[in-house]
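Input: a single structure, listed below in structure tokens.
Quantities reported herein were computed from a predicted structural model and do not represent experimental measurements. All values below come from the heavy atoms of this structure, side chains included, with hydrogens, waters and symmetry mates left out.
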Amino acid sequence: GKMQIRKETCWTLSNITAGNKKQVTAVKNANIFPALVTMLGRAHFDVKKEAIWAISNATCNVSNNADINRYLSNKTGLS
């Protein structure tokens with residue numbers, strides 16, 4: 001159902017955000033991070049787990065760290 005689709009979508013995004021700066025920037029430019037943050041508060045646990053991996057992968061990548069952290073703080077309130 002929808003939960004499985006959301007989980008697989010977040011899993012795919014977590015693989016993309018584990019990539020290079022260009023890939024993380026593409027996710028950012030597509031305005032996907034706010035939706036991921038929204039899922040943290042509303043979704044089934046399995047979806048939340050994949051959503052947090054997508055966010056974590058983007059923020060832990062050293063070459064993206066400052067830019068993406070600033071973006072997340074400004075756009076979603078995460079800090």
Side-chain angles (χ1 to χ4, degrees):
K2 288 184 181 181
M3 190 277 292
Q4 188 65 28
I5 293 169
R6 287 183 180 120
K7 177 185 170 195
E8 295 299 325
T9 300
C10 289
W11 177 81
T12 300
L13 288 166
S14 75
N15 283 302
I16 295 168
T17 59
N20 62 40
K21 187 171 185 163
K22 184 176 179 182
Q23 292 167 309
V24 174
T25 300
V27 173
K28 181 182 93 172
N29 290 344
N31 207 28
I32 293 173
F33 285 109
L36 290 171
V37 171
T38 298
M39 284 186 206
L40 296 178
R42 299 183 185 171
H44 184 273
F45 174 78
D46 291 338
V47 176
K48 290 179 183 181
K49 184 174 73 170
E50 297 304 331
I52 200 65
W53 271 112
I55 294 166
S56 177
N57 287 344
T59 60
C60 290
N61 185 327
V62 175
S63 66
N64 302 324
N65 200 349
D67 178 51
I68 199 67
N69 288 343
R70 198 170 23 260
Y71 167 82
L72 285 170
S73 180
N74 292 336
K75 190 76 171 177
T76 68
L78 288 180
S79 57

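- Among residues two or more places apart in sequence or in another chain, the side-chain hydrogen bond (donor to acceptor under 3.5 Å, both in side chains) test is passed with Asn31 by Tyr71.
- Residue pairs meeting the salt bridge (charged side-chain N to carboxylate O under 4.0 Å, His left out) criterion with at least one partner in residues 52-61, sequence neighbours excluded, are absent.
- Within the structure, salt bridge (charged side-chain N to carboxylate O under 4.0 Å, His left out) contacts touching residues 27-37 (residues at least two apart or in different chains) are Lys28-Asp67.
- For Asn20 against Gln23, the heavy-atom pair with the smallest separation is N-OE1, 2.7 Å.
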Under 3.5 Å, side-chain donor or acceptor atoms of residues 38-49 against the rest of the protein: list the pairs with distances, not counting sequence neighbours.
unit_1: Thr38; atom_1: OG1; unit_2: Pro34; atom_2: O; d: 3.0
unit_1: His44; atom_1: ND1; unit_2: Asp46; atom_2: N; d: 3.1

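- Hydrophobic cluster membership is shared by Val37 and Ile32, with clusters built from Ile, Leu, Val, Met, Phe, Trp and Tyr side chains linked at under 4.5 angstrom.
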Would you be so kind as to tabulate the donor-acceptor pairs closer than 3.5 Å made by side chains of residues 7-16, with sequence neighbours excluded?
unit_1: Glu8; atom_1: OE2; unit_2: Gln4; atom_2: NE2; d: 2.9
unit_1: Thr9; atom_1: OG1; unit_2: Ile5; atom_2: O; d: 2.7
unit_1: Thr12; atom_1: OG1; unit_2: Glu8; atom_2: O; d: 2.9
unit_1: Ser14; atom_1: OG; unit_2: Trp11; atom_2: O; d: 2.6
unit_1: Asn15; atom_1: ND2; unit_2: Trp11; atom_2: O; d: 3.1

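- Of all non-hydrogen atoms in Thr17 and Trp53, the two that sit nearest each other are OG1-O, 4.3 Å.
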